[in-house]
Chemist: 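Take a look at this one; I'll ask things after.
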Amino acid sequence: QLRLVESGGGLVQPGGSLRLSCSHSGTIINFNTMGWYRQASGKERELVAEISSGGTTNYVDSVKGRFTISRDSAKNTMYLQMSALKSEDTAVYYCNMNKPTYRTDWGNIVAEADSWGQGTQVTVPS
């Protein structure tokens, strides 16, 4: 299974910034979208931002103008730059890759429906 590993979460004061990273194993051949989701305590997981294989980005209204999603294919990494953070941004952030096709480190080509990371906590105190 494709491994996605998030990093960069932590505690940040309101108005501050954080950059989340999501690195993946293997070599991506194709995918539908890559995205960041978040789940606050007691709430459902929601899409925060996504980027298509063609580079089109999409954001939930609550983060527009504050968050930026990007991808560095050479580094096998996706990013979420978060600024002007608010207490309501507090959540566990997950990275996702939808319909990835990739070559494993052993040379096998694998197609999956959905891949998720383990999540990274972002806490912005009120």
Side-chain angles (χ1 to χ4, degrees):
Q1 187 176 8
L2 183 67
R3 285 188 65 233
L4 302 179
V5 180
E6 302 97 336
S7 61
L11 173 68
V12 62
Q13 294 301 311
S17 298
L18 277 178
R19 188 177 77 161
L20 305 183
S21 300
C22 173
S23 61
H24 60 77
S25 59
T27 301
I28 300 299
I29 297 171
N30 196 16
F31 65 96
N32 183 29
T33 60
M34 296 181 69
W36 288 95
Y37 288 71
R38 67 186 179 187
Q39 187 167 19
S41 179
K43 295 186 178 181
E44 294 186 356
R45 190 175 297 189
E46 66 168 349
L47 174 66
V48 176
E50 63 182 358
I51 184 167
S52 71
S53 58
T56 301
T57 59
N58 179 47
Y59 299 89
V60 67
D61 286 347
S62 60
V63 308
K64 285 180 179 177
R66 300 189 298 123
F67 291 10
T68 302
I69 188 171
S70 62
R71 175 177 175 250
D72 187 335
S73 58
K75 295 183 177 179
N76 287 357
T77 303
M78 176 177 65
Y79 303 98
L80 185 68
Q81 179 67 48
M82 306 185 293
S83 59
L85 282 161
K86 306 174 182 180
S87 58
E88 50 263 47
D89 296 318
T90 295
V92 179
Y93 284 71
Y94 299 89
C95 68
N96 167 269
M97 194 176 303
N98 179 251
K99 297 182 180 178
T101 300
Y102 61 99
R103 181 178 292 107
T104 70
D105 292 341
W106 296 271
N108 300 323
I109 295 177
V110 179
E112 296 181 355
D114 240 347
S115 297
W116 292 92
Q118 83 289 349
T120 186
Q121 176 71 46
V122 172
T123 301
V124 187
S126 55

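Predicted, not measured: the structure shown is a model, and the values here were computed from it.
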Chemist: Mind listing the closest non-hydrogen atom pair of Val12 and Pro125 along with its distance?
Modeler: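 It is O-CD, 3.2 Å.
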
Chemist: Are Thr104 and Val110 close enough that some pair of their side-chain heavy atoms sits under 4.5 Å apart?
Modeler: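 Counting from C-beta outward, Thr104 and Val110 do come under 4.5 Å.
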
Chemist: Is there a donor-acceptor pair under 3.5 Å between the side chain of Thr101 and the backbone N or O of Ile29?
Modeler: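 No.
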
Chemist: Among Thr68, Ile69, Thr120, Val122, which one satisfies side chain to side chain contact (heavy atoms under 4.5 Å, CB included) with Leu80?
Modeler: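 Among Thr68, Ile69, Thr120, Val122, the one that satisfies the side chain to side chain contact (heavy atoms under 4.5 Å, CB included) with Leu80 is Ile69.
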
Chemist: Measure the CD-CD distance between Gln39 and Glu46 for me, rounded to the nearest 0.5 Å.
Modeler: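 These two atoms lie 10.0 Å from each other.
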
Chemist: Counting C-beta onward and ignoring hydrogens, is there a side-chain heavy-atom pair between Phe31 and Arg71 closer than 4.5 Å?
Modeler: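 In short, these two side chains touch, coming nearer than 4.5 Å.
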
Chemist: Would a hydrophobic clustering, with Ile, Leu, Val, Met, Phe, Trp and Tyr connected at side-chain separations under 4.5 Å, put Tyr37 with Met34?
Modeler: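 As far as the 4.5 Å side-chain criterion goes, Met34 and Tyr37 are not connected within one cluster.
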
Chemist: For the residue pair Glu6 and Leu20, establish whether any side-chain heavy-atom pair is separated by less than 4.5 Å.
Modeler: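 No - every pair of side-chain heavy atoms lies 4.5 Å or more apart.
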
Chemist: Rounded to the nearest 0.5 Å, how far does OG of Ser115 lie from CG of Asn98?
Modeler: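 Those atoms lie 9.0 Å apart.
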
Chemist: Find out whether Ser23 and Thr77 are in side-chain contact, i.e. whether some heavy atom of one side chain is under 4.5 Å from a heavy atom of the other.
Modeler: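 Yes, close enough: below the 4.5 Å cut-off.
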
Chemist: With side chains defined as the heavy atoms from C-beta onward, is the minimum distance between Val124 and Met82 less than 4.5 Å?
Modeler: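 Of all side-chain heavy-atom pairs linking Met82 with Val124, none is under 4.5 Å.
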
Chemist: Which residue pairs pass the ring-ring contact (aromatic ring centres under 6.0 Å, His included) test with at least one member in residues 52-103, sequence neighbours excluded?
Modeler: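 Matches after skipping sequence neighbours: none remain.
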
Chemist: Counting N and O atoms only, with roles assigned by atom type, does the side chain of Arg66 sit under 3.5 Å from a partner on the main chain of Ala84, one being a donor and the other an acceptor?
Modeler: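 Checked: pair present.
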
Chemist: I'd like to know if the side chain of Thr33 reaches the main chain of Ser52, judged simply by a donor and an acceptor atom lying under 3.5 Å from each other, with no hydrogens or angles considered.
Modeler: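 Such a contact is absent between Thr33 side chain and Ser52 backbone.
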
Chemist: Taking disulfide bond (SG atoms under 2.5 Å apart) as the cut-off, I'd like each qualifying pair that reaches into residues 57-114, sequence neighbours left out, listed once.
Modeler: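 Of all non-adjacent pairs touching residues 57-114, those that pass disulfide bond (SG atoms under 2.5 Å apart) are Cys22-Cys95.
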
Chemist: Side chain of Asn30, backbone of Pro100: donor and acceptor closer than 3.5 Å?
Modeler: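 Checking the backbone N and O of Pro100 against the side chain of Asn30, no donor-acceptor pair under 3.5 Å is found.
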
Chemist: Between Leu47 and Val60, is any pair of side-chain heavy atoms under 4.5 Å apart?
Modeler: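 Heavy-atom side-chain distance check fails, nothing below 4.5 Å.
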
Chemist: If you apply the rule side chain to side chain contact (heavy atoms under 4.5 Å, CB included), what do you find for Val48 with Asp89, and how did you get there?
Modeler: CA-CA 10 Å; Val48 176; Asp89 296 318; over 6 Å; no

Chemist: Tell me, do Ile51 and Ser70 make a side-chain contact under 4.5 Å, heavy atoms counted?
Modeler: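 No; the side chains remain at least 4.5 Å from each other.
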
Chemist: Taking atom types as modelled, find out whether Gln121 and Thr123 have a side-chain donor-acceptor pair closer than 3.5 angstrom.
Modeler: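 Their side chains do contain a donor-acceptor pair, which is all the 3.5 Å distance test asks for.
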
Chemist: Going hydrophobic residue to hydrophobic residue with side-chain gaps under 4.5 angstrom, can you get from Trp36 over to Val92?
Modeler: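 No; Val92 is not reachable from Trp36 via cluster members.
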
Chemist: Does Met78 reach the side chain of Met97, with side-chain heavy atoms less than 4.5 Å apart?
Modeler: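 Of all side-chain heavy-atom pairs linking Met97 with Met78, none is under 4.5 Å.
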
Chemist: Mark yes or no for whether Asp114, through its side chain, and Asn96, through its backbone, hold a donor-acceptor pair below 3.5 Å.
Modeler: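 No.
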
Chemist: Can Lys64 and Asp61 be counted as an ion pair, charged N to O under 4.0 angstrom?
Modeler: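 Judged by the 4.0 Å cut-off on N to carboxylate O distance, Lys64 and Asp61 do form a salt bridge.
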
